[in-house]
J.: 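Please read through the structure below; I'll follow up with questions.
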Amino acid sequence: MSEVHVINHPLVQHKLTMIRDKETGPKDFRDLVDEVSVLMAYEVTRDMPLEEREVETPMGKMKGRVIAGKKIGIVPILRAGLGMVAGILRLIPTAKVGHIGVYRDPETLLPVEYYCKLPVDVEERSIIVIDPMLATGGSAAAAIGYLKEKGVSSIKLMCLVAAPEGIDLIQREHPDVDIYIAAVDEKLNSHGYIVPGLGDAGDRLFGTK
Ligand code: PRP
Ligand code: URA
């Protein structure tokens, strides 16, 4: 069963509350999502393996530690996942970025895939799938399924807000994928929106409504 990590750091919680506020406009919304993404990436990468490397300081030689193991890939789910990319890249500048386009059919709430461009060596990387919202879980489950078809074996999912239904779906369909979130909200409404949530993440990021 995949683990669910709720990142309760005070800075994350404070900024998430500002993100949720309906009075927060697109510029502040974008800036805050970016800042929370940096803070969350710090937790998501906490278990990265290290190896020793000798370094010479101005005072002499010592054995330092550097990141080892698989290289990282970040895969935002379009559109809203784009808002989290720059923050993570500031922490992991060598990560490669793939894009998966999935939108939710407003009638059926089922995911529809429309775009995919991944790093050529995607199957050799540890992938962090990013999307601010995990609602029914359909979009994230489809994106993860697609990555697995391409041979990816190490995947984490990082979202800002999740509904219990979304967490359940990922745990059922992808029990090997750990989930990192800033909050688990109460429920989905009849249109599949997270309540209380933050509204439509894509529209708020890009000012499209
Ligand atoms: C939103 C969000 C997730 C999806 C979550 O995207 O960014 O990708 O809905 O819902 P789910 O868990 O029920 O699948 P949306 O379909 O609105 O597309 P957009 O990002 O292009 O606005
Ligand atoms: N997508 C969003 O952007 N918000 C929700 O609450 C659910 C799906």
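In each ligand, atom 1 is the first atom listed, and ligand 1 is the first ligand listed. Position 1 is the first residue of the sequence, and the numbers go up from there.
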J.: Going by the order shown, which atoms of ligand 1 are within less than 4.0 Å of some heavy atom of Gly137?
T.: 11 (P), 12 (O), 13 (O)
J.: Less than 4.0 Å is my threshold; does some heavy atom of Arg104 fall inside it relative to ligand 2?
T.: yes
J.: For Ala201, counting its heavy atoms only, list the atoms of ligand 2 lying under 4.0 Å from any of them.
T.: 2 (C), 3 (O)
J.: What's the shortest distance from atom 15 (P) of ligand 1 to any protein heavy atom, and which residue and atom give it?
T.: Arg104 N, 4.4 Å
J.: Considering only non-hydrogen protein atoms, determine which one is nearest to atom 17 (O) of ligand 1 and report residue, atom name and distance to 0.1 Å.
T.: Asp200 OD2, 4.0 Å
J.: Would you please test Arg204 and Thr24 for side chain to side chain donor-acceptor pair (under 3.5 Å) and show each step?
T.: CA-CA 9 Å; Arg204 293 196 64 189; Thr24 299; 4.6 Å; no
J.: Considering non-hydrogen atoms of the protein only, which is the closest contact for atom 5 (C) of ligand 2, and what is the distance?
T.: Tyr193 CD2, 3.3 Å
J.: Take atom 6 (O) of ligand 1 and look for protein heavy atoms under 4.0 Å from it; say yes if you find one, no if not.
T.: no
J.: Checking Arg90 against Ser37: is there a side-chain donor and acceptor pair closer than 3.5 Å?
T.: no
J.: Answer yes when Lys15 and Asp31 have at least one side-chain N-carboxylate O distance shorter than 4.0 Å, and no when they do not.
T.: no
J.: Can you sort out which atoms of ligand 1 are near Ser139, meaning under 4.0 Å from one of its heavy atoms?
T.: 4 (C), 8 (O), 11 (P), 14 (O)
J.: Pull out every atom of ligand 1 sitting under 4.0 Å from any heavy atom of Ala80, numbered as shown with elements.
T.: 7 (O), 20 (O)
J.: What are the atoms of ligand 2, with element, lying closer than 4.0 Å to any heavy atom of Gly192?
T.: 7 (C)
J.: Ligand 1 and Arg79, any nitrogen or oxygen pair closer than 3.5 angstrom?
T.: yes
J.: Is the backbone N or O of Tyr193 less than 3.5 Å from a side-chain atom of Asn189, with the two atoms forming a donor-acceptor pair by type?
T.: yes
J.: Kindly check if the number of other-residue, nucleotide or ligand heavy atoms within 6.0 Å of CZ (Phe206) is above 12?
T.: yes
J.: Is the shortest distance from a heavy atom of Asp131 to ligand 1 less than 4.0 Å?
T.: yes
J.: Can you label the angle between the Tyr103 ring and the Tyr114 ring as parallel, tilted or perpendicular, going by 30° and 60°?
T.: tilted
J.: Of all the atoms in ligand 2, which lie at a distance below 4.0 Å from a heavy atom belonging to Gly199?
T.: 2 (C), 3 (O), 4 (N), 5 (C), 6 (O)
J.: Please report whether ligand 1 has a polar contact with Thr136, defined as an N or O pair separated by less than 3.5 Å (distance criterion only).
T.: yes
J.: Under 4.0 Å from a heavy atom of Ala135: give me the atoms of ligand 2 that qualify, with their elements.
T.: 7 (C), 8 (C)
J.: Taking distance alone, with no angle check, do Val102 and ligand 1 share an N/O pair under 3.5 Å?
T.: no
J.: Can a donor-acceptor pair be found between the side chains of Thr45 and Lys156 at a distance below 3.5 Å?
T.: no
J.: Is Lys96 atom NZ crowded by more than 12 heavy atoms from other residues, nucleotides or ligands, each under 6.0 Å away?
T.: no
J.: Looking at Arg30 and Asp34, is there a salt bridge between them, counting it only when a charged N and a carboxylate O are closer than 4.0 Å?
T.: no
J.: Please check atom 3 (C) of ligand 1 for a protein heavy-atom neighbour under 4.0 Å.
T.: yes
J.: What protein heavy atom sits nearest atom 6 (O) of ligand 2, and how far away is it?
T.: Ile194 N, 2.8 Å
J.: Kindly check if the number of other-residue, nucleotide or ligand heavy atoms within 6.0 Å of CZ (Arg65) is above 12?
T.: no
J.: Is the side chain of Glu165 donor-acceptor paired with the backbone N or O of Gly192 at a distance under 3.5 Å, no angle test?
T.: no
J.: If we set the cut-off at 4.0 Å for heavy atoms, which region of Ala201 has an atom near ligand 1: side chain, backbone, both, or neither?
T.: neither
J.: Short question: side chain of Asp131, backbone of Gly81 - any donor-acceptor pair under 3.5 Å?
T.: no
